Amino acid sequence: MKGNPEFMKQAIELATGNVTSGRGGPFGAVIVRDGAVIATGVNQVTATNDPTAHAEVVAIRNACAAAKDFSLAGCTIYTSCEPCPMCLAAIYWSRMEGIFYSGTAADAAAAGFDDAFLYDEMKKQIGERTIPEQPLLAERGNESFDAWRKSAQRVDY
């Protein structure tokens, strides 16, 4: 896998511009298919009061809207910083084929964006996590899955 520095420069410029414009955090992302940019995104967490509006997630939403498809197979993402666990999961769910990043998680942590605790939480058993979790109405937990399996309108992903 070989990245294109021009796409990374664009992601970094988006991130820096997002900060200097006062619109949001220092993160930008560019999604590329067949050598062309199909979507971009910048961090919009504080601008939209949406904790999921990380640059990568915004770019994925924009790319899927442009492609009119939930799959971004054949795409690569260039992101100004190593993806956090949420963004990494979103990239995997979108079926992208490659990730290029500039800054590291350690760089982000040094700037006040430390997601190491999230990686640690994921490794813990459910009963040991910081936010309590427990099943409720487990006997009904498969109703929606049963309906899904029987649905003629089902679109597998």
Side-chain angles (χ1 to χ4, degrees), residues 1 3 8 11-12 14-15 18-19 23-33 38-157:
M1 183 170 83
M8 185 58 71
I12 294 167
L14 285 167
N18 201 44
V19 173
R23 286 189 225 126
F27 303 96
V30 174
I31 297 178
V32 175
R33 177 181 277 151
I38 65 166
T40 65
V42 294
N43 180 282
Q44 297 178 356
V45 170
T46 57
T48 61
N49 295 317
D50 179 354
T52 69
H54 289 200
E56 296 91 339
V57 172
V58 171
I60 289 168
R61 290 172 182 164
N62 292 340
C64 289
K68 296 180 177 35
D69 196 346
F70 58 82
S71 174
L72 296 177
C75 292
T76 303
I77 190 166
Y78 291 78
T79 179
S80 61
C81 188
E82 184 178 355
C84 75
M86 175 185 70
C87 293
L88 186 61
I91 292 165
Y92 272 86
W93 275 113
S94 74
R95 309 295 194 261
M96 276 192 261
E97 297 177 2
I99 304 168
F100 294 98
Y101 61 88
S102 184
T104 66
D107 297 329
F113 299 93
D114 191 356
D115 55 14
F117 79 98
L118 292 172
Y119 286 104
D120 292 339
E121 284 289 299
M122 298 297 198
K123 295 174 192 172
K124 293 178 182 177
Q125 296 296 316
I126 289 176
E128 298 171 0
R129 293 181 182 159
T130 304
I131 298 176
E133 299 176 51
Q134 68 180 39
L136 184 61
L137 294 178
E139 68 278 4
R140 296 194 59 193
N142 279 307
E143 287 179 14
S144 57
F145 295 125
D146 291 342
W148 172 256
R149 284 187 277 273
K150 294 174 187 172
S151 175
Q153 293 84 28
R154 178 175 95 198
V155 176
D156 291 326
Y157 60 98

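This is a predicted model, so every value here is computed, not measured.
The two residues W148 and V155 have their closest heavy-atom pair at CH2-O, 3.2 Å. Summarising the geometry of A53 relative to T48, their closest heavy-atom pair is CB-OG1, 3.8 Å, with the distance given to 0.1 Å. When all heavy atoms of V19 and G25 are compared, the closest pair comes out as CG2-C, 3.8 Å. Across all their heavy atoms, P83 and I91 have their closest contact at CG-CD1, 3.9 Å. The two residues G41 and A59 come nearest to each other via the heavy atoms N-CB, 3.7 Å. Of all the heavy atoms in S144 and G141, the pair that sits closest is OG-O, 4.4 Å.
Qualifying side-chain contact (heavy atoms from CB on, under 4.5 Å) partners for C75, counting only residues two or more places apart in sequence or in other chains: I31, R33, I38, L72, M96. Taking Y157 as the reference, F70 meet the ring-ring contact (aromatic ring centres under 6.0 Å, His included) condition, with sequence neighbours excluded.
Rounding to the nearest 0.5 Å places CD of Q44 at 10.0 Å from OG1 of T52. Annotation: the span from D146 atom CG to S151 atom OG amounts to 12.5 Å, rounded to 0.5 Å. Here the straight-line distance linking atom CZ of F145 with atom NZ of K150 works out to 14.0 Å at 0.5 Å rounding. Note that the CE atom of M1 and the CD1 atom of I99 stand 7.5 Å from one another [nearest 0.5 Å]. Here the CD1 atom belonging to I126 is positioned 13.0 Å from the CD1 atom belonging to I131, to the nearest 0.5 angstrom.
Applying the side-chain hydrogen bond (donor to acceptor under 3.5 Å, both in side chains) rule to pairs touching residues 132-141 yields R129-E133, R140-E143, sequence neighbours excluded. Screening residues 75-95 for side-chain hydrogen bond (donor to acceptor under 3.5 Å, both in side chains) gives E56-T79 as the qualifying pairs, with residues at least two apart or on separate chains. Listed by first and then second residue, the side-chain hydrogen bond (donor to acceptor under 3.5 Å, both in side chains) pairs that reach into residues 111-126 are E121-K124, E121-T130, sequence neighbours excluded. Judged as a side-chain hydrogen bond (donor to acceptor under 3.5 Å, both in side chains), not a single pair has a partner in residues 64-74 (not counting sequence neighbours).
Enclosure of atom CE in M122 is not indicated, since only 12 or fewer non-hydrogen atoms of other residues, nucleotides or ligands lie within 6.0 angstrom.
Using a 4.5 Å heavy-atom threshold, the side chains of P26 and N43 count as separate.
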